[in-house]
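Written below as structure tokens is the structure these notes are about.
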There are 2 protein chains.
Amino acid sequence: MQNSLPPLSALRAFEATARLGSVTAAANELAVTHGAVSRQLKSLDEHFDTPLFIKAGRGLVLSRHGETLQRGLGEAFERLRNSCAALKREVEGAPFTLACPGSLLARWLIPRLDRLHQALPELNVQVVVSDSEQPGKQAGISATLAFIEPPWPEEGEVIELMVEEICAVASADLAAGFDPERPDTLFNGALLYTASRPQAWPAWARAQGLCETQLEKALARGQGFDHLYYLMEAAVAGLGVAIAPRLLVEDDLKSGRLVAPWGSIQTPARLCLWLPSGASPHAGKRLAEWLGQALNEAVR
Amino acid sequence: MQNSLPPLSALRAFEATARLGSVTAAANELAVTHGAVSRQLKSLDEHFDTPLFIKAGRGLVLSRHGETLQRGLGEAFERLRNSCAALKREVEGAPFTLACPGSLLARWLIPRLDRLHQALPELNVQVVVSDSEQPGKQAGISATLAFIEPPWPEEGEVIELMVEEICAVASADLAAGFDPERPDTLFNGALLYTASRPQAWPAWARAQGLCETQLEKALARGQGFDHLYYLMEAAVAGLGVAIAPRLLVEDDLKSGRLVAPWGSIQTPARLCLWLPSGASPHAGKRLAEWLGQALNEAVR
DNA sequence: AGCTATCCATGAGTTTTAATCAACTATTGC
DNA sequence: GCAATAGTTGATTAAAACTCATGGATAGCT
């Protein structure tokens, strides 16, 4: 393969000019000035050491050699365009698979999924549940949305979307027994928790200046759940006080199904979109942008 | 045609890498460093927003999308290469038609034509006679070799090869009657001339400080010929003193068939190779280069 | 005819692109 | 565990491509 092709951009200029029959039209198609195309054509003439166009009035027509070249070149570029368009369709048609913990999926993403599809229809977002702690790079996952704590994975790209806030929530009935001015009245109720977030209640206690011994007693009175989702259902049902990411209870707080008497605190964790290397960074960033907007609306 | 193709050089790098299975090999074929190819591939990944190659050990293999692209691209580039190669063959196979006055052709070029074909076989030089004063741009003429005087034609390109020198020549027998020290002994003989070069003898007379009245008398005693070629044959036959471009009698002087007792003088004319626009400048220049060398040898 | 609009070519200068070099990471085979 | 091979990447340099402005030639219009 010692075949020295001429500069490809010159070939493209030639092909467009030959097809459209005019330098100006070709320049228009290629989104450059006619001067640029004219130069490219000249460089091709020099490469082949023969004129490919001949002046005809104020326009140009193909020379005999020009016709020879265009015969093959037209098809070649047609194929080039088709190949690239085909790949583009394949990439854009492929679903964007977004992995996400079940609780976040159920309580935040699913209610907004319809709007997401409307906003980014060409992404063709498919959601899958992924509750594993470390979102191992499974094949077929385009991105993972989750609360994660530093240090962040080396591999791929992590887009930080918001700071995690957690809050203690209870049903409205139960919350009537608490004093918003006295965080320690929390201990009047039973504490609900999940095994997957053992540090949530201690962090809350520290932030509110509560006695850890009392906390442990209250925890013993309460109940653990396998999953955040059940935890929140238990809180709604009035079984006790749950500790949960504020984002996941936002809708319930607005509707009054839950109450958060003592506000919320920030944790070291962040809601992140993790884009594994080998996925589609551009599509991922567009999703991140939309997520960012949706989060702002949710929190406003 | 709103189809925005990716940068073509990136496509070429991809095609070569996919075909050869290695960045380094592709870089080698494209005569660039592997770093350059690596960057081009990265830019394609970004354009399509998907990886086209996947790391495999210390090498790369095509991803699924990469395979899709290469399927079409391989053929497209094959066609591109074929088209350009076909045109190159067509251009190089076409004969290079060199026009030339008959006398120059007969007395200088034809004796060297075999060497010309050996030196530049791929040019496939064909010679044609063209005795018209102004070498009108006839179709099919790749270049014209002739003595021409300024001003030179605007159109096309004129390559100056040597200054024209003319000299008075006679057969050896006749020349015995002349004195090399006394240019005016010229008038002992009959002067031979051509209608196509009326200014030759007057120019000679002025340069040698001869009396123009005597010149006219001598001219009247002599004879005119239609063509330089016959003029020179007449001089060889001893009919009189001819005036001719030195280049055309060089071989005869060397062989002793003719003698130039008073040397030669320069004229404003130049031996030029005229390349009409719309021909092959590169081929023309190669011919000019060879002609220049051949002229040097002839005159040496 | 003269005027004007269109089309292409080109010199000068600027921006963008692509290349090199050299350092660095990862994998393989000895 | 060390050397060799393959690819990536930051910094810098070289080259290509583009724009702008100008000029020449042609065609159509009044």
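Residue numbering restarts at 1 for every chain, and letters A, B, ... go by the order of the sequence lines. None of the values given here were measured: they were computed from a predicted structure.
Residue Thr24(B) has a polar side-chain atom (N or O) positioned under 4.0 Å from OP1 or OP2 of dG7(D). Phosphate proximity of dC18(D) to Thr33(A): absent, as no side-chain N or O sits under 4.0 Å from OP1 or OP2. Between Ser22(A) and dC8(C) there is a side-chain polar atom (N or O) within less than 4.0 angstrom of OP1 or OP2. For Gln40(B) and dT17(C), the shortest distance from a side-chain N or O to OP1 or OP2 is not below 4.0 Å. Contact annotation: Ser38(B) side-chain N/O to dG7(D) OP1/OP2 distance is not under 4.0 Å.
One atom, CZ of Arg12(B), and another, P of dA18(C), lie 11 Å apart when rounded to the nearest Å. In this structure, CD of Glu46(B) is placed 12 Å from P of dT8(D), rounded to the nearest angstrom. Regarding Leu11(B), its CG atom lies at a distance of 11 Å from the P atom of dA18(C), rounded to whole Å.
Here dG7(D) is the nucleotide among dC18(D), dT9(D), dG7(D) with the atom lying nearest to any side-chain atom of Val23(B). In this structure, of dT9(D), dA9(C), dA19(C), it is dA9(C) that holds the atom nearest to the side chain of His34(A). For Lys42(A), the side-chain atoms get nearest to dT10(C) when compared with the rest of dT10(C), dA17(D), dA9(C). The side chain of Arg58(B) approaches dT27(C) more closely than any other nucleotide in the set dA17(D), dT10(C), dT27(C).
With hydrogens and angles ignored, a donor-acceptor pair under 3.5 angstrom links the side chain of Arg39(B) to the base of dG10(D).
Residues Ala56(A) and Val32(A) each lie close to DNA chain D; by heavy-atom proximity, the contact nearer the 5' end of the strand is made by Val32(A).
Among the atoms of the strands shown, base atoms are found under 4.0 Å from some heavy atom of Gly35(B).
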